[in-house]
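Following: one structure in structure tokens, then a few remarks.
Below, read A as the first sequence line, B as the second, and so on, with proteins coming before strands; counting in each chain starts at 1.
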There are 2 protein chains.
Amino acid sequence: MNMNDEMAGKESSATRGAYMTLRDMILTGALPAGQKLKIEQLRGLLKTGASPVREALSLLTSDMLVERIDQRGFRAAPANKANFEEILELRCTLEELALRKSIAAATPQWEEQLILTHHRMRKSAGQDIAIFEEAHKTFHMALLANSGSPMLERYCAQLYDLNIRYRNLAAGGSKYQSRDIAAEHEEILEAAVQYNADRACACLLKHYRLTGEYLAREMDA
Amino acid sequence: MNMNDEMAGKESSATRGAYMTLRDMILTGALPAGQKLKIEQLRGLLKTGASPVREALSLLTSDMLVERIDQRGFRAAPANKANFEEILELRCTLEELALRKSIAAATPQWEEQLILTHHRMRKSAGQDIAIFEEAHKTFHMALLANSGSPMLERYCAQLYDLNIRYRNLAAGGSKYQSRDIAAEHEEILEAAVQYNADRACACLLKHYRLTGEYLAREMDA
DNA sequence: TCACCAGTTAATATCGATATTTTTAAGAGT
DNA sequence: ACTCTTAAAAATATCGATATTAACTGGTGA
């Protein structure tokens, strides 16, 4: 009767499908930074018409993943260390702000969501990396989800994605970081559910800055 | 030979033209908040095809001026008091951040730009309101332009526009505010060129909050 | 050798028409 | 009267083709 099972994941509109695919390809680095994105080429890759491709690219400019040069097409957003550090710093500022607001307005529902998303993230640790990444983002966003400011959360989500992109671009060869990521997440969670804003923020920012320094080193090499 | 004089202001691509026009119409309230934006209707209004309209609308979603509902078209972003207050607060936070950074990194060039843009704003006070608004935005953005963080500046510009939109939506009938806007601008400028970050921020935020309270009152009525 | 200027190629931007989907309206059955 | 189903209308989304614009190439004159 319904097609939810069959079509799970497949988006209703061609535009959304193209948007998702392109977004993923840019975030993972399948489409390298700065690369020209030719409509015809993408049209073939995505097996759809020019209009959805074009519209998807327009939408991706919002996310700062694609640059649009009038009359001259699209290209994947460039990447460089300065931009990375800008993102990292801005992200730390905005996420701290959002986390403090979330904790200040804490509710049982929010708290329970933290527990749940954290649990799911742990569970997915063994599975496919894409599954984990998804759960990881969900957990981090859950931390901020009670800030009361959807726009702030949106900015944070955007910066999160941009950061992930740099992680994928930079961490090409080298193995996963040696730090105990799981422990860092537990620390953050613990502080949050205890409404300890200072500690939660300190842990969160340490979590980001450690990854940041690691990536910055990779980018030099 | 060339058409620069004739075509001044007319954008090169139909998409950009549509983008500019629609943006303006939403900011000024010519397209009311929440209104359904039918392609066919806009196609007639803008005298262009469906593709440019569609693409312009997609671009406007980045600016949070248009909402896209998959398979169900576009509509002008809704407006309500909660959203307005969210914008105001976020704007105060981000602009303070950017202004402090700008002052901390002050250079003669930046300082001179402040003087210039302020002067131009004063000059344009008598002229057409649209001219003044343009100069007003330029001045305010110049204050933040030395923050060293293009993304932060972009967010501020976005919030600025959203705020202006509410000003246009709310201040329908009532006359321009009685406050001495010019004096407030001078205060901000003075503090900035003296590298007095605390005072500059205090003045800037006061400037925003006063307008904000005024608008909030309008919105109740 | 180099800058400059056609002519050619390639890519973008745009149009008009069609397929899909949603919304509206109407009718049948309970 | 009310809901459910079904037909008609309207609007969105998409396609394929064309016009417009930018990029390239090779040759010409200093």
Side-chain angles (χ1 to χ4, degrees), chain A residues 1-23 25-26 31-32 34-62 65-78, chain B residues 1-23 25-26 31-32 34-62 65-78:
Chain A
M1 289 302 189
N2 79 35
M3 48 185 63
N4 285 344
D5 306 315
E6 182 86 304
M7 299 290 198
K10 188 169 200 258
E11 300 305 329
S12 37
S13 70
T15 296
R16 184 152 294 271
Y19 171 78
M20 291 299 200
T21 307
L22 288 175
R23 172 194 178 80
M25 290 181 74
I26 293 173
L31 288 173
Q35 177 150 116
K36 183 111 216 303
L37 301 175
K38 299 184 197 171
I39 305 292
E40 206 50 27
Q41 172 188 312
L42 296 179
R43 203 204 57 72
L45 179 68
L46 301 167
K47 290 192 294 193
T48 185
S51 316
V53 170
R54 192 154 248 288
E55 211 167 312
L57 289 171
S58 293
L59 289 172
L60 283 166
T61 57
S62 347
L65 292 173
V66 164
E67 257 186 18
R68 177 202 185 80
I69 309 146
D70 207 66
Q71 222 80 20
R72 198 159 307 182
F74 302 84
R75 62 179 53 237
Chain B
M1 291 299 186
N2 78 36
M3 49 184 64
N4 285 343
D5 305 317
E6 183 86 304
M7 300 291 200
K10 185 165 200 267
E11 300 305 329
S12 37
S13 69
T15 296
R16 183 153 295 271
Y19 171 78
M20 292 299 202
T21 306
L22 288 175
R23 171 195 179 79
M25 291 180 74
I26 293 173
L31 289 173
Q35 175 150 117
K36 184 107 214 303
L37 301 175
K38 300 184 198 172
I39 305 293
E40 208 46 30
Q41 173 186 313
L42 297 179
R43 203 203 59 70
L45 179 68
L46 302 166
K47 289 192 292 192
T48 184
S51 315
V53 171
R54 191 151 247 288
E55 211 167 312
L57 289 171
S58 293
L59 289 172
L60 283 165
T61 56
S62 345
L65 292 173
V66 164
E67 255 186 20
R68 176 202 186 79
I69 308 146
D70 207 66
Q71 221 81 21
R72 195 159 309 183
F74 302 84
R75 62 180 51 235

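Within the model, atoms CG of A:L22 and CZ of A:F74 stand 10.5 Å from one another, a figure rounded to the nearest 0.5 Å. Atom OG of B:S13 sits about 9.0 Å away from atom CE of B:M20, to the nearest 0.5 Å. The distance from the CG atom of A:L45 to the CG atom of A:L31 is 7.5 Å, given to the nearest 0.5 Å.
In terms of phosphate contacts, A:T48 brings no side-chain nitrogen or oxygen within less than 4.0 Å of OP1 or OP2 of D:dT14. Note on A:S13: every side-chain N or O is 4.0 Å or more away from OP1 and OP2 of D:dT12.
The interatomic distance linking B:L57 (CG) with C:dT14 (P) rounds to 14 Å, in whole Å. What separates CZ of A:R68 from P of C:dA11 is a distance of 18 Å, to the nearest Å. In this structure, B:R16 atom CZ and C:dT12 atom C1' are separated by 15 Å, rounded to whole Å.
Remark: A:T61 pairs with A:V66, A:R68, B:L59, B:S62 by the side-chain contact (heavy atoms from CB on, under 4.5 Å) rule, at least two apart or across chains. Scanning for side-chain contact (heavy atoms from CB on, under 4.5 Å) contacts around A:T21 gives A:M25, A:L46, with sequence neighbours left out. For the side chain to side chain donor-acceptor pair (under 3.5 Å) test, no residue two or more places apart in sequence or in another chain qualifies with B:R75.
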Solution key, residues 34-42 of chain B side-chain donor-acceptor pairs under 3.5 Å, sequence neighbours excluded:
residue	atom	partner	partner atom	Å
B:E40	OE2	B:R43	NE	3.4

Pick out the pairs of N or O atoms, protein on one side and nucleotides 17-24 of chain C on the other, that lie under 3.5 Å.
residue	atom	partner	partner atom	Å
C:dT23	OP1	B:R72	NE	3.4

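Non-hydrogen atoms lying under 4.0 Å from DNA chain C are contributed by A:L37, A:K38, A:I39, all within residues 37-47 of chain A.
When distances are taken from the side chain of B:K36 to each of C:dT14, D:dT12, D:dT14, the shortest belongs to D:dT12.
Residues A:S58 and B:S58 share a closest heavy-atom pair of CB-CB, 4.0 Å.
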